[in-house]
Student: 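Before I ask anything, let me first share the structure, which is written out below as structure tokens.
Computed from heavy atoms alone, side chains included, the values below leave out hydrogens, waters and symmetry copies.
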Amino acid sequence: LNEYKLSSDKKTLSTTNLKSICEKQNIKRIDYLSIDICGSELEVLSKFPFNEIHVDVLDIRKTSVNKKLKQLIKVNTPLQIYRTAWQSFR
């Protein structure tokens, strides 16, 4: 930034996870969940409580889906899984 004589302000943000939101709102089922988190899908979904919250359709915005992510989804729930172009990879 200094090279271009730009300045930036430091911001502190608070975040929460999807499980906490569902617990606070007493949500036990999600009709459609879209995930677009730039390559961290496996890390995030491995912590998602599939045994507590049913997801009907999961849309993963990722161009390539690795074996670990596929296995995680197959083991945890009977979801309909789609990629960016709405092509099923399951």
Student: What distance do Leu58 atom CG and Ile35 atom CD1 have between them, rounded to the nearest 0.5 Å?
Tutor: 6.0 Å

Student: Once rounded to the nearest 0.5 Å, what's the spacing between atom CD of Glu52 and atom NZ of Lys28?
Tutor: 6.5 Å

Student: Which value, rounded to the nearest 0.5 Å, describes the distance between Leu33 atom CG and Phe48 atom CZ?
Tutor: 6.0 Å

Student: Please enumerate all residues that pass side chain to side chain contact (heavy atoms under 4.5 Å, CB included) together with Thr15, with sequence neighbours excluded.
Tutor: none

Student: Which atom pair, heavy atoms only, marks the closest approach of Ile27 to Ile30?
Tutor: CG2-CG1, 4.2 Å

Student: What residues, two or more places apart in sequence or in another chain, satisfy side chain to side chain contact (heavy atoms under 4.5 Å, CB included) together with Glu43?
Tutor: Ser40, Lys47

Student: Quick one: side-chain hydrogen bond (donor to acceptor under 3.5 Å, both in side chains) partners of Ser20, sequence neighbours excluded?
Tutor: Asn17

Student: Measuring from atom CD1 of Ile53 to atom CZ of Arg29, what distance do you get when rounded to the nearest 0.5 angstrom?
Tutor: 13.0 Å

Student: Hey, are the side chains of Pro49 and Leu18 touching, using non-hydrogen atoms and a 4.5 Å cut-off?
Tutor: no

Student: Answer whether the closest heavy-atom distance between the side chains of Thr16 and Ile21 falls below 4.5 Å.
Tutor: yes

